[in-house]
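A short worksheet on the structure shown next.
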Amino acid sequence: MPSRFPMASRLLHWTMAAMVLAMLFIGIAMVGSLADYHRLVAIHRPLGILILVLVALRLANRLIRPAPPLPLDMPGILRFAAHASHALLYALMVALPLVGWAMLSAAGNPVVLIGAWHLPLILPPSDALYALLRPLHTVLAFVLFATFLVHLGAALMHALIFRDGVFQSMVSWRR
Amino acid sequence: MATDPSWPSEPAGRYSLSTLLAPAALMRLGIIALVLLGVASAFAWTAGWLSPGRLDQVRLIDTFEAVNGAHPGFRRNHAKGVCLVGWFDSSGAGARLSGAAVFAAGRIPVVGRLSIVGPSPEVADGSEAVRSMALDFTLPDGEAWRTSMNDIPVFPVKDAQGFYEQLVALKPDPATGKPDPARVAAFLSAHPEAARAIALIKGAPSSSGFANATYNGLNAFRFVDVDGKATPVRWSMRPVDAFEPEPAETPREKNYLFDALSARLRQGPAQWHLILVIGQPGDPTSDATLPWPADRETIDAGTLTVAAIESEATGNCRDIEFDPLVLPSGIEPSDDPMLSARSAAYSVSFTRRAGETKTPSPVQVGRGR
């Protein structure tokens, strides 16, 4: 029987998958919507911080509970693509919330989560830093969406074409 | 890379090109491609890329720049202004309506900006120019309250579409340098609410300067008290200085309003009362072109003191985004669509000017006169 990801890893993966995908759609919707901008920003900020917390948990979980090994016969180039894309996904899930937090700090805008609950500013107010970080946030978001598409495509390749158990290692609902 | 002997030993070459190119696999590849295309299309639709004609914040600011010319480093609107420094002495009376820290009795530092409406920092002060006061109340625990107010009784348009159409209608005709009367008339007949609002604005007398003007928040907000009870509120800054009408003839000095403000502050701080106007059921909260009845109950929430003004520079009010939705807990947006639209458009304007080379403002405090 093929190896599966541990239950905790699967749970974290699917929870975060839904959150990150929602985040990408909320982000791209809010920068193009006059009517819903505020409502969406009010979700975007706390959700981003929640993702940052969860990705930290997830990295810790991955150290404790390693991923199952890839199939023996998987070619080196595919292995490399798998590991590189996963590393990129992790890096972006850490970087995007941090850049968002930093850019609001540089703008001198309060980082409101819910009600009166605020995060501290992590950069001094600076026009120049904001001008750098704000576009960086957008660029990284597009890279994350592209990487997500590659990840989804690869998962479906494993499921429908290679049929090597890699897809099942993450979708199984059994304990 | 560790390998696991427990993997099923599938037919050799499941990763090979020939496996990929088998007829059944090609069909599955097609399905995968369709799924990816579907997700990417949903993203593009959400982004608005499939409806390029719609009005969004980028188009609004682009139009602003196209109609009014670019003034790099300056705000896209209210470009000409000075920074103010002062404080707010809260009377504590506002706490009846809102649990926001700003309404607890006590003193709160305030920075802000006094400006005239318009896209150019070089424009001459004039009797027609709407004046604005923008404030940033620095509250404990990293909260902030930002508000920008104008010395007009109502806002001329009720939503972003109206604002955009007004912007286009008022575009100066290159031949005359003035808006084309036919386009203005067409706009007003398409927007009777704007025609009514502009009549109210023209009917309200302007004061002689910045220090004796009343600045109105115009948009309604929801004030929420500590028990969670919400009240619709509009607010104004009412001057302590006595109202004086504008002089019949506009002074020639290009910065006469700002010069007069400097002179006024040399005699001592200028003060305003923060007046909260309590809306009654049925009072319009979603349309700032409509005034509320004049007999509405008001609360004097405290006194704003402007101790000094300074020229715009790095690190002062120049780099503050006066987003009307930077609100403390206890003040919430109403159903007025202009609030979200302003927040969205200010963000685009702020991002653009943050990255632009800054030139000194033509209004330099302590020079001129």
Side-chain angles (χ1 to χ4, degrees), chain A residues 1-3 21 24-26 28-39 41-42 68-76 78-79 83 106-112 115-121 125-132 134-135 145 148-149 152-153 156-157 160-165, chain B residues 1-10 12 14-15 19-20 25 28-29 31-33 35-36 39-40 42-43 46-48 54-58 60 101 141-144 160 314-315 318-321 323 325-326 328-330 333 337 339-341 343-345 347 350-351 353-356 358:
Chain A
M1 169 163 155
S3 311
L21 196 58
L24 286 164
F25 276 81
I26 289 169
I28 197 69
M30 77 191 198
V31 296
S33 169
L34 289 162
D36 297 318
Y37 177 77
H38 180 66
R39 244 186 302 268
V41 171
L70 292 167
L72 252 166
D73 55 337
M74 199 167 144
L78 291 187
R79 276 167 195 285
H83 294 310
N109 288 339
V111 190
V112 182
W117 190 26
H118 286 65
L119 290 180
L121 304 186
S126 159
D127 242 25
L129 279 175
Y130 179 77
L132 196 76
R134 178 61 193 83
F145 185 69
F148 157 72
L149 283 183
L152 175 64
L156 293 174
M157 291 285 284
L160 299 177
I161 300 196
F162 306 146
R163 302 191 193 193
D164 52 3
Chain B
M1 179 70 214
T3 52
D4 185 342
S6 70
W7 284 97
S9 59
E10 284 296 314
R14 56 186 173 178
Y15 298 105
T19 307
L20 276 180
R28 292 196 187 102
L29 275 176
I31 292 169
I32 294 170
V35 170
L36 296 182
V39 177
F43 192 73
T46 308
R54 74 178 189 162
L55 180 61
D56 65 10
Q57 46 268 57
V58 171
L60 197 61
D141 301 330
E143 277 199 303
T314 302
R318 194 198 69 186
D319 300 336
I320 297 175
E321 180 189 3
D323 177 343
L325 294 182
V326 171
S329 174
L339 292 173
S340 178
S343 188
S347 174
F350 183 72
T351 301
R353 68 192 171 85
E356 293 165 349
K358 307 294 193 298

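Chain naming here is simple, since letters A, B, ... match the order of the sequence lines and numbering starts at 1 in each.
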(message) Once rounded to the nearest 0.5 Å, what's the spacing between atom OH of Tyr130(A) and atom CZ of Arg353(B)?
(response) 10.0 Å
(message) Once you measure the plane-to-plane angle for Phe145(A) and Phe43(B), does it fall in the parallel (<30°), tilted (30-60°) or perpendicular (>60°) bin?
(response) parallel
(request) Check whether Ala107(A) gets within reach of chain B through its side chain, its backbone, both or neither, counting any heavy atom under 4.5 Å. (result) both
(request) Considering only heavy atoms and a distance below 4.5 Å, find which of Ile31(B), Leu20(B), Leu325(B) pairs most often with chain A. (result) Leu325(B)
(message) Report which part of Ala42(B) has an atom under 4.5 Å of a heavy atom belonging to chain A: side chain, backbone, both, or neither.
(response) both
(request) Please flag which part of Asp319(B) lies under 4.5 Å from any non-hydrogen atom of chain A: side chain, backbone, both or neither. (result) both
(request) Provide the closest heavy-atom pair for Tyr15(B) versus Asp73(A) in the form atom of the first, atom of the second, distance. (result) CD1-O, 3.5 Å
(message) Between Glu321(B) (side chain only) and Gly108(A) (backbone N and O only), is there a donor and an acceptor less than 3.5 Å apart?
(response) no
(message) Using heavy-atom distances under 4.5 Å, tell me whether Ala160(B) contacts chain A through its side chain, its backbone, both, or neither.
(response) side chain
(request) Check whether any side-chain heavy atom of Val35(B) lies under 4.5 Å from a side-chain heavy atom of Leu152(A), and answer yes or no. (result) yes
(message) Given heavy-atom pairs under 4.5 angstrom as the criterion, report whether the side chain, backbone, both or neither of Met157(A) touches chain B.
(response) both
(request) Identify the two heavy atoms, one from His118(A) and one from Glu143(B), that lie closest to each other, and give their separation to 0.1 Å. (result) CE1-CG, 3.0 Å
(request) Measure the spacing between NE2 of His38(A) and CG of Asp323(B) and express it to the nearest 0.5 Å. (result) 8.5 Å
(request) Among Gly355(B), Ala354(B), Ala144(B), single out the residue with the greatest number of heavy-atom pairs under 4.5 Å to chain A. (result) Ala354(B)
(message) Counting only non-hydrogen atoms closer than 4.5 Å, does Ala40(B) touch chain A with its backbone (N, CA, C, O), its side chain (CB onward), both, or neither?
(response) both
(request) Report yes or no: does Ser340(B) contribute a side-chain atom to a donor-acceptor pair with the main-chain N or O of Tyr37(A) at less than 3.5 Å? (result) yes
(message) With a 4.5 Å cut-off on side-chain heavy atoms, are Asp127(A) and Thr314(B) touching?
(response) no
(message) Can you tell me which portion of Ile26(A) sits under 4.5 Å from chain B's heavy atoms? Options are side chain, backbone, both or neither.
(response) neither
(request) Count the heavy-atom pairs under 4.5 Å between each of Leu36(B), Leu29(B), Val326(B) and chain A, then report the option with the highest count. (result) Leu36(B)
(message) Quick check on Leu55(B) against chain A: is it the side chain, the backbone, both or neither that has a heavy atom closer than 4.5 Å?
(response) both
(message) Does any part of the side chain of Ile32(B), heavy atoms only, come nearer than 4.5 Å to the side chain of Ile161(A), both counted from C-beta?
(response) yes
